[in-house]
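Just below is one structure, and these are the notes that go with it.
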Amino acid sequence: MYLGLDLGTSGLKGVLIDQDGVIVGSASAPLKVMRPYDGWSEQDPNDWIIAAENVLDRLCAKYQPEMRALRGIGLSGQMHGATALDADGKAIRPCILWNDTRSYKEAAELDANAEFRAISGNIVFDGFTAPKLLWMQRHEPANFDRVYRVLLPKDVLRLWLTGEAISDLSDASGTSWLDVNKRDWSDDLLTATGMNRGQMPELVEGNAIGGHLREKLAVRWNIPRQIPVAGGGGDNAASAIGMGVVQNGQAFVSLGTSGVLFAASDAYQPKPESAVHTFCHALSGTWHQMGVILAATDALEWFSTISGKSAADLTGELGDEVRAPGKAQFLPYLGGERTPHNDTEIRGAFLGLSHGDDRPELTHTVLQGVAFAFRDNLAALQSTGTDIQRLLAVGGGARSNYWLQLLANVLNVPVDVPADGDIGAGYGAARLGLMAATGADPATVATPPEIVRVIEPNTSLVPAYNDAYGTYTGLYRSIKGT
């Protein structure tokens, strides 16, 4: 048996699989986000440990024989969070999370230093880790002076599980301290933020061993001693392992609260000015690229609140046949946008509304706006040399056949629908745990899911959507005022 622990923002999930990758059981525990000031987003790292204890308690209670047969553990988690620890391994302050925007000035300052894009291969986004430590240095100097080590969220779990300060390369790629091409910390980038290599965790590949379970925890849960814990991965890289998106050209589109267009690559091909994320993948010798939009299903949920109808009711009103684009447009920048604009201040808009636009038409316009944002991401990825011929669809929004057909039309690529659209990072983490424990070939473990249907672009509508997208691309500048 192999266990994946996925530390998300809203909860921690444990997924238990057998040697064939079949899910045997799962358990989860909720987490809360603290927002003491506007733009701040924090969590107490102690709550992560409590949640992990809760999940392990429940798994051991319900799946006793299976947990006693545990042979490997993998980790995945929310990226970019800055967890500052003192010399005793205690958190100095709450973790500053990925969606915290307080360090936007520090991010812009670091990004103006040409070394950061040249070495890390990415824009220094305000959600990344390095600018948060620079913010601490300037606004909480007493705390900064106590920083002995900085860990990403999932690696705080690893420290508790193994006593080792280790991270994997996919998660470390989102810190702005990693030389993503050389797959190692950059001393120059660390120095630029007042940090040093000694404050960083050791680095391993995601499918390599990154510590072993401490004996006292094995005794507590009556599970085997010295279980290897895999390096694991950041949430999207781990999800890709779960979906078998590991080879050059394989890609997925995730319709979650935010949206991700993810492509695996066997080459390092950064283009920071595109706002594409170029990160190490969770397997050695591979990388991945991501376009990220900040409001995918979140845009539909916003409209659901405004209209007083559930998201399911709204999409149900549309019927099965995807309509042609109307004149109305929706820009889904409700909380800013990441790719391709890197703009935290831009906000969304409905444009071109008329008396004839009823609720179903506006629902369609919202879904269309998100699809156009994904096309922006596709264009950004293509500008780096990434060629995407088809996409695997996952996430809550992938339950809507209408939205998937709309995406296929807008992106003009086939969309594959898996039997289980909720394949998550926890499953990928369990697969990484299996690889680390057994040395199994990733090609035999990280296999794609069963595809139940393929949604092809409607060729009769593709030209109309091309025209509508052409209009959409000019609207960002219109509302930006530039």
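What you see is a predicted model, and the numbers here were worked out from it, not measured in a lab.
Electrostatic pairing of E361 and R323 counts as a salt bridge here, judged by a charged N lying under 4.0 Å from a carboxylate O. Ion pair K154/D171 flagged as a salt bridge, since at least one NZ, NE, NH1 or NH2 atom sits closer than 4.0 Å to an Asp/Glu carboxylate oxygen. The pair R390-D416 meets the salt-bridge criterion, with a side-chain N (NZ, NE, NH1 or NH2) lying under 4.0 Å from an Asp/Glu carboxylate O.
Within the 3.5 Å criterion, the main-chain N or O of V22 finds no donor-acceptor partner in the side chain of D20. One N or O on the side chain of S173 and one on the backbone of C280 form a donor-acceptor pair closer than 3.5 Å. Within the 3.5 Å criterion, the main-chain N or O of S307 finds no donor-acceptor partner in the side chain of R359. A donor-acceptor pair is defined here as one N or O able to donate and one able to accept, closer than 3.5 Å; no such pair exists between the side chain of D298 and the backbone of S258. Listed for the R431 side chain is a donor-acceptor partner under 3.5 Å among the backbone atoms of I241. Counting only distance, with no hydrogens or angles, the side chain of Q43 and the backbone of K32 share a donor-acceptor pair below 3.5 Å. With hydrogens and angles ignored, the 3.5 Å screen pairs a side-chain donor or acceptor of D357 with a backbone N or O of S354. Panel note: side chain T339, backbone V292; a donor-acceptor pair is recorded below 3.5 Å.
Scanning all heavy atoms of the two residues, the minimum distance from R347 to G335 falls at NH1-C, 3.4 Å.
Taken to the nearest 0.5 Å, the CG atom of D343 stands 10.0 Å off from the CG atom of L294. Separating the CE atom in M136 from the CZ atom in R93 is a distance of 6.0 Å, to the nearest 0.5 Å. Once rounded to the nearest 0.5 Å, the distance linking OH of Y469 with CG of N409 reads 15.5 Å. Of the inter-residue distances, the one linking F252 atom CZ with M290 atom CE reads 8.0 Å to the nearest 0.5 angstrom. How far CG of N412 is from CD of E456: 10.0 Å, rounded to the nearest 0.5 Å. With rounding to the nearest 0.5 Å, the separation of CG in D6 from CD in Q78 is 9.0 Å.
In the model, Q405 has no side-chain atom that pairs as donor or acceptor with a side-chain atom of N401 under 3.5 Å. Counting only N and O atoms by type, the side chains of T315 and W403 include no donor and acceptor under 3.5 Å apart. If you check the side chains of Q289 and S265, you find no donor sitting under 3.5 Å from an acceptor. D126 and T101 share no donor-acceptor pair across their side chains, judged by distance under 3.5 Å alone. Looking at N466 and R375, their side chains do bring a donor and an acceptor atom within 3.5 Å of each other. One side chain, D168 or S170, offers a donor N or O that lies under 3.5 Å from an acceptor on the other.
Counting non-hydrogen atoms of other residues, nucleotides and ligands closer than 6.0 Å to CD of Q247 gives a total of 12 or fewer. In this structure, D320 places its CG atom where only 12 or fewer heavy-atom neighbours from other residues, nucleotides or ligands lie under 6.0 Å away.
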For side chain to side chain donor-acceptor pair (under 3.5 Å), just list the numbers for T278 and W287, CA-CA rounded to whole Å, side-chain angles, deciding distance to a tenth of an Å, and then say yes or no.
-> CA-CA 7 Å; T278 301; W287 288 262; over 6 Å; no
Evaluate ring-ring contact (aromatic ring centres under 6.0 Å, His included) for H281 paired with F262, printing each intermediate quantity in order.
-> CA-CA 11 Å; H281 208 331; F262 180 111; 5.5 Å; yes
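Cation-pi check for R338 over F125 is met; the charged atom lies under 6.0 angstrom from the ring centroid and within 45 degrees of its normal.
In this pair, Y465 and H364 present their aromatic rings tilted. The plane angle is within the 30 to 60° band. Under the 30°/60° scheme for interplanar angles, the aromatic rings of H341 and Y476 are found to lie parallel. Aromatic ring pairs are classed by plane angle as parallel below 30°, tilted from 30° to 60° and perpendicular above 60°; the pair H277 and F279 is tilted.
Qualifying salt bridge (charged side-chain N to carboxylate O under 4.0 Å, His left out) partners for D376, counting only residues two or more places apart in sequence or in other chains: none.
For the side chain to side chain contact (heavy atoms under 4.5 Å, CB included) test with L314, the passing option among T363, L367, L362 is T363; the others fail.
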